[in-house]
Protein chains: 2
Amino acid sequence: MARDSRTTKSSLLRAATDEFAAYGIAGARVDRIAAAAGYNKNLIYVHFGSKEQLFDAVYEAAVQEILEAAPFDAEDLPGYAGALFDFHHAHPHLMRLSRWHSLERHGVLLPVAEKANSAKLRALAAAQGEGKVDAGLPPHLLLALLVALAGTWAEGGPEPLGELVGAAEIAARRHAVVVSVGRLTRPGAPGRPLPGTFTS
Amino acid sequence: MARDSRTTKSSLLRAATDEFAAYGIAGARVDRIAAAAGYNKNLIYVHFGSKEQLFDAVYEAAVQEILEAAPFDAEDLPGYAGALFDFHHAHPHLMRLSRWHSLERHGVLLPVAEKANSAKLRALAAAQGEGKVDAGLPPHLLLALLVALAGTWAEGGPEPLGELVGAAEIAARRHAVVVSVGRLTRPGAPGRPLPGTFTS
DNA sequence: GAAGTAACTGACCATCCAGTTACTTCACTG
DNA sequence: CAGTGAAGTAACTGGATGGTCAGTTACTTC
């Protein structure tokens, strides 16, 4: 095996991603990560410093990947939600990482995520201003709801015992997400307009 | 301290609930639980058998509590979602327990939860049949989305860094959940009727 | 090909931690 | 009040685990 610290580091990172996604921070084993990557445990400490810092590196990479995978489009929110759904379905371990992070690190947002988030909020507010998105709810609430909908069946949600989930069911879920986001965001509230502000 | 195995057991259970909610199964420490309850570690093994079984007991109790706290009403789904939201806000540790469970135990539903769930599905289907709830989505998908919406800001969701969440924001979130569920479930789909089935 | 350096390894260690064992204390009963 | 069984405790065990370090290997430079 050629000696290249870059590939070594990325091998370790990949193995660590799997391990942390499967077991969380507390449950992950440094030895297992090293063994899975086919390197000595010490290299983890050389490259990343500690188990915790290794998790940080893993998590940051995962966040980057998620952010890139589903580009935000304030004018097609159902499409965005669908893309998110697809991504979660294709990469369940990233959603798991995110859930571990929120539980074991009290969900503090990374600067990258924070930045991406406020960009989304601006775009959403603009779309609402132009009447392209229903303005009944403030952007930050609407965005959160939308993301929650897209992640409803992402790994970490309760799954019926043992039942295998077929392609038809997946398609149905995706459809449900897309339809629901459409209903939440399509301009012109159904029935009466929403109450003026959001103070219950 | 009077010697009563029932109170001892429930003290241990309460301490364990806090510990597991805070650290999950892998992160929880049996010694800490015993110390917090003010009893000897061995009593945990006497009463519960093992750390894993202790978690099971904790989780089952939590599920019971959640099920009782928010009675399902298929004819007032926004109200149900609101009640769920309130419960999550009042008892964030129970939601955390639930998330730990789904991550560390791959989210296998307890029999109690499974039973309660199918009762809800039947009620929902009936309400849809009577035209009281929009029938554009099958009950199991609708219910999942609804629960996801109610739990959007439950502990475990991403929280903006350091920002304190005031009462007004909480009220706004609650309102957003209630309004959204209303939109998803109010009979008579906005705009055109939904496509016949849910095969994407 | 000698000198120097970065990548890498195996063995080790202090500590942690779930679970066990041997013992003591208490409440109650006949 | 002696005896008994349940409740409770302190001390211990053995395996796992995060982290360290002296030393080796592969590669580069001169």
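Keep in mind it's a predicted model, so treat the numbers as computed, not measured. Chain naming here is simple, since letters A, B, ... match the order of the sequence lines and numbering starts at 1 in each.
Between B/T17 and B/H93, the closest heavy-atom pair is CG2-CD2, 3.9 Å.
Searching all strands for a Watson-Crick or G-U wobble partner of D/dT28 with both distances below 3.5 Å returns C/dA3. Pair check for D/dG19 finds C/dC12; Watson-Crick or G-U wobble, both atom distances under 3.5 Å.
When rounded to the nearest whole Å, the span between CZ of B/R3 and C1' of C/dC28 equals 12 Å. Rounded to an integer number of Å, the gap from CG of A/L12 to C1' of C/dC8 is 11 Å. Atom-to-atom, CG of B/L43 to C1' of D/dG8 comes out at 5 Å; the value is rounded to the nearest Å. Rounded to an integer number of Å, the gap from CZ of B/R6 to P of D/dA7 is 12 Å. The separation between B/I44 atom CD1 and C/dT21 atom C1' is 17 Å, rounded to whole Å. Residue A/Y39 contributes atom OH, which lies 14 Å from atom C1' of C/dA6 at whole-angstrom precision.
A salt bridge does not link B/E19 with B/R14: none of the charged nitrogens is closer than 4.0 Å to a carboxylate oxygen.
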Table please: side-chain donor-acceptor pairs of residues 20-27 of chain A below 3.5 Å, with sequence neighbours left out.
none

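One side chain, B/K120 or B/Y80, offers a donor N or O that lies under 3.5 Å from an acceptor on the other.
Between A/Y59 and A/F55, the angle of the ring planes stays under 30°, which puts this pair in the parallel group of the 30/60° scheme.
In A/H47, the NE2 atom is crowded: over 12 heavy atoms of neighbouring residues, nucleotides or ligands sit closer than 6.0 Å.
Between A/S5 and C/dA7 there is a side-chain N or O to OP1 or OP2 distance below 4.0 Å.
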Along nucleotides 15-22 of chain D, 5' to 3', which nucleotides get a B, which get an S, and which get a -, given that the test is a protein heavy-atom distance under 4.0 Å? --SBBBB-

